[in-house]
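Reckoned from all heavy atoms, side chains included, excluding hydrogens, waters and symmetry mates. Remember, it's 1-based here, ligands and their atoms both numbered in the order they're listed. The residues of the chain are indexed from 1 along the displayed sequence.
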Amino acid sequence: MSMAEQSSYIWYNGELVDWESAQTHVLSHSLHYGMGVFEGVRAYETDKGTAIFRLEDHTNRLFNSAKIARMKISYSREKINQAHKDVVKANKHSSCYFRPLAFYGSSKLGVLPDEDDVQVIVAAWEWGAYLGDEALEKGITAKISSFCRMHVNSMMCKAKATGNYLNSIYAKKEAVREGYDEAILLDTQGYIAEGSGENIFLVSKGKLYTPSLVVALDGITRNTVIHLIQDLGLELIEKDITRDELYIADEIFFTGTAAEITPVSELDGITISNGKRGPITKQLQKAFFDIVTGKNEKYQHWLTYVD
Ligand code: PPE
């Protein structure tokens with residue numbers, strides 16, 4: 001199915017419009033200079049209908065990104081949350097991926113944008129397993145990128161800003177060109193930062209490790225997994241991680257809204273453990289999918305039911 005068929009209606013500046021009408025001008029500022037702020041959100045099918053996962057947290061991060069970028073979103077958080085519900089209902093999705101985005105329109109070019117020309121959309125479409133159908137079970141291959149995750153004084157890593165993704169795209173293109181599924185970026189000190197669109201964890205001798213959030217995006221799935229690790233009575237240590245620690249890890253997995261919890265089975269051509277999804281990764285995946293599909297009472301507050 002094409003994107004147009006899956007996304008017949010898009011919320012655009014306060015109204016639902018059809019796919020063909022959700023257009024912007026070729027002289028839109030964001031298209032030229034890459035400044036916009038966005039989110040990636042998922043809704044899952046549950047016994048009580050479609051539920052959007054951690055919607056308020058995503059919307060809060062969108063507004064924080066806009067604050068960092070000094071972009072004015074002229075809609076309230078409530079209005080943006082309602083837009084997600086309206087879009088999913090209009091498109092009759094039972095599960096979907098949402099893309100809220102604020103960007104500058106075409107009133108002015110030149111590096112300095114027109115702050116009164118901020119456009120906002122919320123789109124949704126069906127998006128299956130981000131890293132391939134078998135990725136969740138079999139795991140993927142990754143490469144340590146030759147590109148570093150940008151330094152905090154070049155870009156601002158707490159913002160989920162469109163321009164930050166040039167860094168991700170360079171790394172991802174390189175990885176795929178060389179036959180890997182995904183890229184892992186180091187920070188400028190040489191420690192593990194994150195994937196091109198995911199946070200990263202490793203398991204070693206029953207304990208979990210993840211890099212701190214100095215340069216990595218403060219992932220909502222990462223935060224969800226931290227709750228699950230505590231629930232399972234496991235230990236998590238946040239620290240600087242080197243690439244060779246990953247090589248000898250018992251398990252490695254990525255977390256992200258799109259990637260969910262995806263095991264990494266091979267890194268730089270080195271097989272991780274026995275090359276199969278590890279037991280802790282599997283346990284965390286089960287716990288994660290139980291929550292997003294409404295099967296865990298403790299986390300009902302993370303679900304926004306569409307009806
Ligand atoms: N780091 C980066 C760089 C990143 O882009 C994401 C999400 C994460 C970490 C995980 O964040 P969270 O989704 O809140 O757990 N990447 C989004 C974009 C993927 C895309 O290709 O587009 C996503 O997963 O929605």
Practice problem: Among all protein heavy atoms, pick the one closest to atom 24 (O) of ligand 1 and tell me residue, atom and distance. | Solution: Ala258 N, 2.8 Å

Quiz item: Would Lys160 count as a contact of ligand 1 if the rule is a heavy atom under 4.0 Å away?
Solution: yes

Self-check item: With sequence neighbours excluded, residues passing side-chain hydrogen bond (donor to acceptor under 3.5 Å, both in side chains) with Gln119
Solution: Asn13, Asp117

Exercise. For the residue pair Tyr97 and Trp125, categorise the inter-ring angle as parallel (less than 30°), tilted (30 to 60°) or perpendicular (more than 60°).
Key: tilted

Quiz item: Which option out of Arg42, Lys172, Glu194, Arg149 puts a heavy atom nearest to atom 9 (C) of ligand 1?
Solution: Glu194

Quiz prompt | Test applied, side chain to side chain contact (heavy atoms under 4.5 Å, CB included); reference residue, Gln285; option that passes from Leu228, Ile261, Asp290 | solution = Ile261

Exercise. If you have a sec, work out which protein heavy atom is nearest atom 15 (O) of ligand 1 and how many Å separate them, to one decimal?
Key: Thr221 OG1, 2.6 Å

Quiz item: Just which atoms of ligand 1 are under 4.0 Å from any heavy atom in Asn199?
Solution: 9 (C), 10 (C)

Practice problem: Verify whether the ring centers belonging to Trp302 and His227 lie closer than 6.0 Å. | Solution: yes

Quiz prompt | No-hydrogen, no-angle side-chain donor-acceptor test under 3.5 Å, Ser146 and Glu174 | solution = yes

Quiz item: In terms of residue, atom name and distance, what is the protein heavy atom nearest to atom 5 (O) of ligand 1?
Solution: Tyr165 OH, 2.4 Å

Quiz prompt | Heavy-atom nearest neighbour in the protein, as seen from atom 20 (C) of ligand 1, with distance rounded to 0.1 Å | solution = Tyr130 OH, 3.4 Å

Exercise. Taking atom types as modelled, find out whether Lys85 and Tyr305 have a side-chain donor-acceptor pair closer than 3.5 angstrom.
Key: no

Practice problem: Tell me which protein heavy atom sits closest to atom 13 (O) of ligand 1, plus the residue, atom name and distance to 0.1 Å. | Solution: Thr257 OG1, 2.6 Å

Exercise. Considering heavy atoms of the protein only, find what lies nearest to atom 16 (N) of ligand 1 and give residue, atom and distance to 0.1 Å.
Key: Gly197 O, 3.2 Å

Quiz item: Any idea which protein heavy atom is nearest atom 23 (C) of ligand 1, and the distance to it?
Solution: Tyr97 OH, 3.4 Å

Cut-off 3.5 Å, no hydrogens considered: what does the side-chain donor-acceptor table look like for residues 208-215, sequence neighbours left out?
unit_1	atom_1	unit_2	atom_2	d
Thr210	OG1	Ile200	O	2.6

Practice problem: Compute the minimum heavy-atom distance from Glu39 to ligand 1 and say whether it is under 4.0 Å. | Solution: no

Quiz prompt | Polar contact flag for Ser168 and ligand 1 (N/O pairs, less than 3.5 Å) | solution = no

Quiz item: What are the two closest non-hydrogen atoms of Ala22 and Ile10, and how far apart are they?
Solution: CB-CD1, 3.9 Å

Quiz item: Nearest protein heavy atom to atom 11 (O) of ligand 1, by residue and atom, and its distance?
Solution: Gly219 CA, 3.4 Å

Exercise. Pick one of side chain, backbone, both or neither for how Arg99 approaches ligand 1, counting any non-hydrogen atom pair under 4.0 Å.
Key: side chain

Practice problem: Show the numbers, then the answer: is there a salt bridge (Lys or Arg N to Asp or Glu O under 4.0 Å) between Asp57 and Arg61? | Solution: CA-CA 6 Å; Asp57 294 316; Arg61 190 171 64 184; over 6 Å; no

Quiz item: Are a donor atom and an acceptor atom from the side chains of Glu198 and Thr262 found within less than 3.5 Å of each other?
Solution: no

Practice problem: May I ask you to list the atoms of ligand 1 that are less than 4.0 angstrom from any heavy atom of Ile220? | Solution: 12 (P), 14 (O), 15 (O)

Exercise. Go through ligand 1 atom by atom and flag the ones less than 4.0 Å from a non-hydrogen atom of Gly40.
Key: 25 (O)

Exercise. Examine the proximity of ligand 1 to Ser196 and report which part, side chain or backbone, both or neither, has a heavy atom under 4.0 Å away.
Key: backbone

Quiz prompt | Shortest non-hydrogen contact between Asp268 and Lys143, atoms and distance | solution = OD1-CA, 3.2 Å

